[in-house]
There are 2 protein chains.
Amino acid sequence: MKLTSEEIQQRILKVLHRLGRPAGSSQIAELLRGWGVDLSERSIRLYLLQLDAAGLTQLESRRAGRSLTAKGLAEVEQGPAIERVGFVAGQIDELNYRMGFRLRAGMGTLVVNTTLLPARDEVAALEVVRPVFAARLGMGSRLLVLRAGAVYDVARAAVVPRGKIALVTVCSVSLNGIFLKEGIPITSRYGGLLEFRNRLPARFTELLAYGGTTQDPLELFIRANMTSVRKCEQTGNGLVGASFREFPSVALPAVLKIRDQLRLLGLDGILAVGVPNQPLYGIPVGEGRTGLVVLAGLNPAAALEEAGIAVENRSLAGLLDYVKFPEFRHLNMWTRRGE
Amino acid sequence: MKLTSEEIQQRILKVLHRLGRPAGSSQIAELLRGWGVDLSERSIRLYLLQLDAAGLTQLESRRAGRSLTAKGLAEVEQGPAIERVGFVAGQIDELNYRMGFRLRAGMGTLVVNTTLLPARDEVAALEVVRPVFAARLGMGSRLLVLRAGAVYDVARAAVVPRGKIALVTVCSVSLNGIFLKEGIPITSRYGGLLEFRNRLPARFTELLAYGGTTQDPLELFIRANMTSVRKCEQTGNGLVGASFREFPSVALPAVLKIRDQLRLLGLDGILAVGVPNQPLYGIPVGEGRTGLVVLAGLNPAAALEEAGIAVENRSLAGLLDYVKFPEFRHLNMWTRRGE
DNA sequence: TCGCAATACGGCAATATTGCCGTATTAATG
DNA sequence: CATTAATACGGCAATATTGCCGTATTGCGA
């Protein structure tokens, strides 16, 4: 795909806007990679000079880099929608932008998936879901159960219908938003099925690029009955949903540190971190990048489907506050309290 | 994705090899687009000069363009596998290369899909499949039924097991191969679900890029029960499998002509041809290219699944000779004759 | 408070890519 | 067989991109 000079400028403005703070050419170049713009930082600086001249950006300080001017802001907001609407990659980006989680404070909103199921199956469902979390096949260890009448999707103002309950899980793309706030741009590449053997991840059996699908990969795999999360949890062999991502290799130490913090918050879905510039589970990464495998937030939902419970999944369903999510271990208590 | 100079040279050699005849920079540039190389023809000529100097290519004649030398041939064959193995786009390319169909003669091999189903369901299956072809929702109008013991996949030497029959359909990627032989490089972009309203195609409801999936899109949609081919055939409203492709706009007249010839051969799966450089059903095409929508060869198989017949699909299953495929209208006759 | 280390910038020169154009060659046509 | 039209090539100059490097600024630690 050939991009015109104007398109590149538009995208530079866009990432500056998304970031919400000044940035240097280097950081901008990294962010642009996730948007199909592959230029050196030097080239970015040349574009920035043009944007400066046009009054759309300005040099904030020699240390901080460029920021948007009021005029630049206007340009972004009126400018053409860059996103190929409909593709999952675009939705991920949009939700990451709207999400706000402060790692330091341990609070804020997260991207969530929802799973609707018959209320009468609640007890059985929890019996299925719990061991999946216990086997560490979920995205972190938090889970929320909502009863009929509760709003389960703020954006769409969707309400849990009578006779149903909603199981809300933390979506693994939340991690991208959390890391981005810490200055680390993670790009989601593929959703896929990861084969476990003897409780150890072995290889991806299927991959589906987020940038090339209008349907969430794991939703699709679940509907197609291609997962075997329960088998994996019970025997140590099976196929579970996982996501392949990458980030700039320079950020590796920071990634490991943040991962530890996430563990304490019950948000650790990171299954493996690769070696810089080396393929991870057979999947090559870009120059100067490191691979990352994250477990899918929908794995518990996949287990429900496998168990024959009629579920209706919606990934990337919306945003929800972290504090509302109990640890799965405390679930009994919470569900008894009701909504 | 940044490509090194060597990688670009490798790919130039590769397309020359695949093409199997001399080509000019312009044609090479077109072909390279399908391989993630986006360069002007002038730039290609600069690379060709380097390759000439290295003795890998030579100027065949001022008119015909470059061809591979023996040394160049060796280089391609030893060279690193460029393909991201596993992704469907790579498989499509591989099969296109091996396929040989001469439009002029109306004979040669085609890429096929196979569908295994219980032999006792044969009569019912034909009742389901026939109207799908009659409604022109298949890829052309040809269909082969194989009985137990017949080889249904030459490459894998797979045999139809006892108690089963195999339904063999022409895969829509065969078109790419046919057109390529006529000098028109068609690139398969997306497999998806196309919504019909009142018997007319309206829009794509789902898309899945061939370059970003390891599983055939339509196989996936069928397994996920997302198709409604029968409903479409019966009521004129529904979701059927279709593929979005594009080709260089200059070839438009030739495409239309070839389409007419294909119709006579019962291989017409082309549902719509776009306007040069204009989006087709909402999907934008590249600069200087024209969109094309082709019906999926597996649509009849989708109808079977919808009808509750236990099917096992394998798309891009292998190659089969055109002459073996009867018209679906003559199917009774053929099936009676047995295998 | 001072100095260091880190970071971002932009000058400069080397490449890489592209557009434009005149020329050579050849298939096809009359 | 002569002529025409089409096609491919490569020269040249204009851009675009990149690597390398010295300088300016500033957060942070001593």
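If you're wondering where the values come from, they're calculated on a predicted model, not measured in any experiment.
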All salt bridge (charged side-chain N to carboxylate O under 4.0 Å, His left out) counterparts of [X], not counting sequence neighbours:
X: E60(A); value: none
X: R245(A); value: none
X: E41(B); value: R45(B)
X: D321(B); value: none

Integer-rounded Å distance: [N] [atom2] and [X] [atom1]:
X: L49(A); N: dC12(C); atom1: CG; atom2: P; result: 13 Å
X: Q27(B); N: dC9(D); atom1: CD; atom2: C1'; result: 16 Å
X: Q9(B); N: dA16(C); atom1: CD; atom2: P; result: 11 Å
X: L48(B); N: dT17(C); atom1: CG; atom2: P; result: 13 Å
X: D38(B); N: dA16(C); atom1: CG; atom2: C1'; result: 15 Å
X: I8(A); N: dT15(D); atom1: CD1; atom2: C1'; result: 13 Å
X: Q58(A); N: dA8(C); atom1: CD; atom2: C1'; result: 16 Å
X: L16(A); N: dA8(C); atom1: CG; atom2: C1'; result: 14 Å

Test side chain to side chain donor-acceptor pair (under 3.5 Å) applied to N96(B) - qualifying residues, sequence neighbours left out: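 If we apply the side chain to side chain donor-acceptor pair (under 3.5 Å) test to N96(B), skipping adjacent residues, there are no hits.
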
Residues 252-261 of chain B, side-chain donor-acceptor partners within the protein, below 3.5 Å, at least two apart:
from: R259(B); atom 1: NH2; to: I270(B); atom 2: O; distance (Å): 3.0
from: D260(B); atom 1: OD1; to: R263(B); atom 2: NH1; distance (Å): 3.3

Of L46(A) and G65(A), the one whose closest DNA chain C nucleotide lies more 5':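 That would be G65(A).
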
Nearest heavy-atom neighbours spanning L280(A) and G274(A):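 Looking at all heavy atoms of both residues, the closest pair is CD2-N, 3.7 Å.
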
So does E7(A) pair up with K14(A), basic N to acidic O under 4.0 Å?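 Result for this pair is no, no salt bridge flagged.
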
[N] phosphate, OP1 or OP2, under 4.0 Å from [X] side-chain N/O:
X: S43(B); N: dA16(C); result: no
X: K2(B); N: dT17(D); result: no
X: Y47(B); N: dT17(C); result: yes
X: S25(A); N: dC9(C); result: yes

Hey, which sits more toward the 5' end of DNA chain D by its nearest nucleotide, Q50(A) or S26(B)?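 Counting from the 5' end, the first nearest nucleotide belongs to S26(B).
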
Can you check each nucleotide of nucleotides 1-6 of chain C against protein heavy atoms at under 4.0 Å and return B for base, S for sugar-phosphate only, - for none, in 5' to 3' order? -----B

Using the ring pair (Phe, Tyr, Trp, His ring centres under 6.0 Å) criterion, which residues pair with Y322(B)? Sequence neighbours excluded.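 In terms of ring pair (Phe, Tyr, Trp, His ring centres under 6.0 Å), with neighbours along the sequence ignored, Y322(B) is linked to F101(B).
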
What protein N or O atoms touch nucleotides 19-23 of chain C N or O atoms at under 3.5 angstrom, if any, and at what distances?
from: dG19(C); atom 1: O6; to: R42(B); atom 2: NE; distance (Å): 3.3

